[in-house]
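Worksheet: the structure to be examined is printed underneath.
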Amino acid sequence: MDFLQLVISGLANGCVYGLIALGFVLIYKATEAVNFAQGDFMMLGAFVCIGFTNHEYMGLNFWLAVPLSILVMGILGYLFNWGILRHMFGQSQTSIVILTIAMGFIIRFFAGAIWSHEPTSLETPFAGQEIRSGGLVLGIDEVLIVVVTAVLTLAFYLFFSRTRIGLAMQAASQNQLAAYYMGIPVKRIHSLVWGLSGMVAAVAGILFASKGAIDPSTGLLGIKAFAAAAIGGFGSLPGALLGGLIIGLVEPLASRYGPPGISQIAPYAILLLILIFRPGGIFSQTQRKKV
Amino acid sequence: MRFVFKTSYDADISLFKHRAQAVWYGLLLLLVLATPLYFVAIGDAYLLGEITGILILAIAGMGLMLLTGHTGLPSLGHATFMAFGCYININMLGAGVPWVIAFPLSGLIAGVLGTMIALPVLRLHGVYLALATLAMSMLTSDFVVIAEPWTGGIAGAAVPDINIFGMEINRYSTPYKFYYLVLFVAILLVWFYRNLLRTPTGRSFTAIRDSEISARAMGINLTRTKAMSFFLSATAAGLAGALFGHSAGYVTNETFDLVMSITLLLMIVIGGLGFIHGAFFGAIVVGIIPVAIANGRSFLQSTFDMNVNVPGLESALFAFILICFILFEPMGLYGRWLKIRTYFELFPFYRKDMFKRQKSYLKTDRVQ
């Protein structure tokens, strides 16, 4: 029973990692840019929702605040690409990596300045409610996280395979120039992808903040999400989720059954092992460039 | 205007392009050698310590510059190599190894360890390297705690004084000697770096940065060359780490954290990616900004009675400057200087787009 309980809370954590990784992979897939600020986007999304919902701020209805904050984060993501990243078009990966890291610092600073550095948690209507079945205690928040993640995954799958704009995104990611020739507005597509990943980040953030307290430095959690993305295979959406789940599961199990200190190291150790033995990740998407 | 006529092939790779350049660098050397005299005259060596710190940062920056600026591989974990160098140096000094041997060895061992860590990832795309080094950087503090017998863990470790054939050097009691020592190491490394860039190895680094595919087409062994670059880079970082330890006097598990790695990266971008000068310019900026912020803060507090003691302001300001540089001056401070210099050298024929890079489109590295 103890084991099952750990697995379920691990799954819930893993879903949050997976969702951050999802937003990260979305951007990578479509624009080849690596957004090292995705974790901070997640944190910002959570704080925006806290700002709308919690009674010491605006005190809106939770079910109104959630779509609102998702929308705000989507717009922020769009604007971020439109205002900053678009001008980096065609520059080296390194400078984009550095740029997004710097962006993360700025987001962390603003979040800290606006909502303070104290850990805050989201006031949700379902906080503290539990489902009990046969000795197993499930928090509604945990169940909700798993359900929302599953629904989102399905939605993304359909979006990328069925809709026109999803296909355009895939095309833009495979070859920008060819996509231009086919009449795809690559720049706008890129901005849309950023908006989309901002929305995913908001969802991840809201789920995270409804489960526990969040503070500006939580954005560093994004690094675990990168590990998740790399474990699953960069550029693979199901891989991102799987990687997130693996990390989410390993952490509580390692801290319960492993020697002390191992649970912090475990995700990165798995990352390094995967990189050594299966460099492309579980769902490998890379092939070496041949001359 | 100056015309440089090359009359031999050697002129292409000579250390100085023309005599005036050699004269200027000679003057610069004299200036840095004479700097302590000023502090002797005013009798206060505090600022000299700051300058020494900038030089140490520049040494680490040169290491990262070789990797990121010249080979095109981003690393977010150079503070880890500095930690390697620092702790190895401490332990060897503790075991009674003379400093003259322990210091270079600590750099070399840091280089070997760094290469061993990076080797599996070097075969992959640059982003993976960034990730792996980021993960490494996150783990540094944990490992320092785990390796407590050698590192002192959370309590930290004191760094012994430098002893070169009986000459004691300590940052506080003999700041001038320490400055000259660091300067000597820095100049030696610059000289080595400059020469490296003239060799086939150095040129293959640049070839890899500009295009991995064409580098391979020219017969460069990618993995081996990248590993070489990583080794040299981590070695320089290790040396800088050892010196940093001597300069700090006391190191804990939080000394070499992620912020330090990112500061190093930020430094070389602001200074100018791909130029040795960039490492020094960047180090100067990074050394000056905290002082400027502290001064600005106390100025605001005293004149407008404004309290601007917001946590994280410093790194946010760093980040803001960094973003401005990447957007508006991707070649960094040294690039700006190059443009100004070219403007005057070619006056009045400088064109606005002279340094503009050709627009390129991305083709994915993944194969769908």
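In the text below, chain A, chain B and the rest are named by the order of the sequence lines, each starting its count at 1.
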What part of [X] gets within 4.5 angstrom of chain B, counting heavy atoms only: side chain, backbone, both, or neither?
X	result
A:I265	both
A:F36	side chain
A:I84	both
A:L99	both

Measure the spacing between CZ of B:F320 and CE of A:M103 and express it to the nearest 0.5 Å.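 The distance works out to 10.0 Å.
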
More than 12 foreign heavy atoms under 6.0 Å from [atom1] of [X]: is that the case here?
X	atom1	answer
A:Y257	OH	yes
A:F160	CZ	yes
A:R86	CZ	yes
B:I154	CD1	no

Against chain A, label [X] side chain, backbone, both or neither, depending on which of its atoms sit under 4.5 Å from a heavy atom there.
X	value
B:L258	side chain
B:L317	neither
B:I117	neither

[Y] and [X], any side-chain heavy atoms less than 4.5 Å apart:
X	Y	answer
B:I323	A:I106	yes
B:L322	A:F105	no
A:I98	B:L266	no

If every non-hydrogen atom of B:A319 is compared with every non-hydrogen atom of A:A102, which pair is closest and at what distance?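 Looking at all heavy atoms of both residues, the closest pair is CB-O, 3.2 Å.
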
